[in-house]
Amino acid sequence: MVALFVAPMVSSLMGKRDACIATAVASVFCGNAPYPLKLGGMMPPAGSNALLGVIFCTTLATLILGLVALILYSSMIADVVEDSQLATGRRSEGLFFAASSFIQKAVSGIGVFASGLLLAVAQFPANAKPGAVDPAILRHLVLLYVPIQGVLYGVTLLLLSRYRINRESHQANLRRLSDAAAAAGVFEHGAEVG
């Protein structure tokens with residue numbers, strides 16, 4: 001619910017693209033912050049209420065910021081539909097959203113495979129019990145996971161930075177489409193009368 005209210009606010013302040021990038025970066029930062037803090041000995045002790053509070057707060061912030069980024073990303077795809085319609089003369093929102101859904105599913109499948117590889121490289125034991133894994137293995141896993149995730153999100157943000165539709169250009173696209181629709185309606189009406 002919070003994300004539904006935050007998304008339009010940050011979008012109006014920063015623009016969709018910049019707000020999407022900022023909230024995605026903040027989400028990744030919040031989600032990964034506990035790992036280096038734990039490695040640096042700056043997290044509360046295991047089993048403490050303070051640790052539960054830190055994990056709750058970072059998870060909540062990660063989810064809210066991630067959902068805001070996802071809302072803005074979906075809105076950006078919707079804006080591309082009008083841009084594409086001006087270029088091609090066809091509305092293709094189904095195609096754009098189907099492609100986005102397909103990419104998400106493919107990335108999810110690849111992510112499960114990559115997670116298995118990451119655990120294998122870190123030599124994470126099968127059927128591990130919480131609290132019984134060698135701290136050196138956990139450290140190795142964190143030192144692999146955080147940079148890899150940073151690189152993957154960096155590529156995503158680089159691609160998002162190339163998005164060029166802003167509020168003004170989107171409004172101009174909508175006006176051009178409206179004018180074209182009005183002209184087509186007048187033409188069709190005139191043809192019917194004639």
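Just so you know, residue 1 is the first one in the sequence shown, and it goes up from there. Atoms considered below: every heavy atom in the structure, side chains included; atoms not considered: hydrogens, waters and symmetry mates.
Note that OG1 of Thr23 is 8.0 Å distant from CE of Met14, once rounded to the nearest 0.5 Å.
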Could you list the donor-acceptor pairs under 3.5 angstrom formed between side-chain atoms of residues 42-69 and any protein atom two or more places apart in sequence or on another chain?
{"from": "Ser48", "atom 1": "OG", "to": "Pro45", "atom 2": "O", "distance (Å)": "2.7"}
{"from": "Ser48", "atom 1": "OG", "to": "Leu51", "atom 2": "N", "distance (Å)": "3.1"}
{"from": "Thr58", "atom 1": "OG1", "to": "Val54", "atom 2": "O", "distance (Å)": "3.0"}
{"from": "Thr58", "atom 1": "OG1", "to": "Ile55", "atom 2": "O", "distance (Å)": "3.2"}
{"from": "Thr59", "atom 1": "OG1", "to": "Ile55", "atom 2": "O", "distance (Å)": "2.7"}
{"from": "Thr62", "atom 1": "OG1", "to": "Gly31", "atom 2": "N", "distance (Å)": "3.0"}
{"from": "Thr62", "atom 1": "OG1", "to": "Thr58", "atom 2": "O", "distance (Å)": "2.6"}

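Between the side chain of Thr88 and the backbone N or O of Ser84 there is at least one donor-acceptor pair closer than 3.5 Å. Between the Arg164 side chain and the Ser161 main chain, a donor and an acceptor come within less than 3.5 Å of each other.
Taking a 6.0 Å sphere around CZ of Arg176, one finds it holds 12 or fewer heavy atoms contributed by other residues, nucleotides or ligands. Counted within 6.0 Å of OH on Tyr35, heavy atoms from surrounding residues, nucleotides or ligands total 12 or fewer; the atom is thus considered open. By the neighbour-count criterion of 12 heavy atoms within 6.0 Å, atom OH of Tyr153 is sparsely surrounded, having that number or fewer from other residues, nucleotides or ligands.
Partners of Asn32 under the side chain to side chain donor-acceptor pair (under 3.5 Å) rule, at least two apart in sequence or in another chain, are Gln149. Among residues two or more places apart in sequence or in another chain, the side-chain contact (heavy atoms from CB on, under 4.5 Å) test is passed with Pro36 by none. Residues meeting the side-chain contact (heavy atoms from CB on, under 4.5 Å) test with Ala98, sequence neighbours left out: none.
With a 4.5 Å cut-off on side-chain heavy atoms, Tyr73 and Ser100 count as touching. Val133 has its side chain within reach of Pro125: a pair of non-hydrogen atoms, C-beta onward, lies under 4.5 Å apart. Within the 4.5 Å cutoff, the side chain of Tyr163 has heavy atoms near those of the Val80 side chain. Asp134 is not listed as a side-chain neighbour of Leu138, based on a closest heavy-atom distance of 4.5 Å or more. Glu93 places none of its side-chain heavy atoms less than 4.5 Å from the side chain of Ile77.
Legend: side-chain hydrogen bond (donor to acceptor under 3.5 Å, both in side chains) pairs involving residues 106-124, not counting sequence neighbours: none detected. Judged as a salt bridge (charged side-chain N to carboxylate O under 4.0 Å, His left out), the pairs with a partner in residues 14-26 (not counting sequence neighbours) are, in order, Lys16-Asp79.
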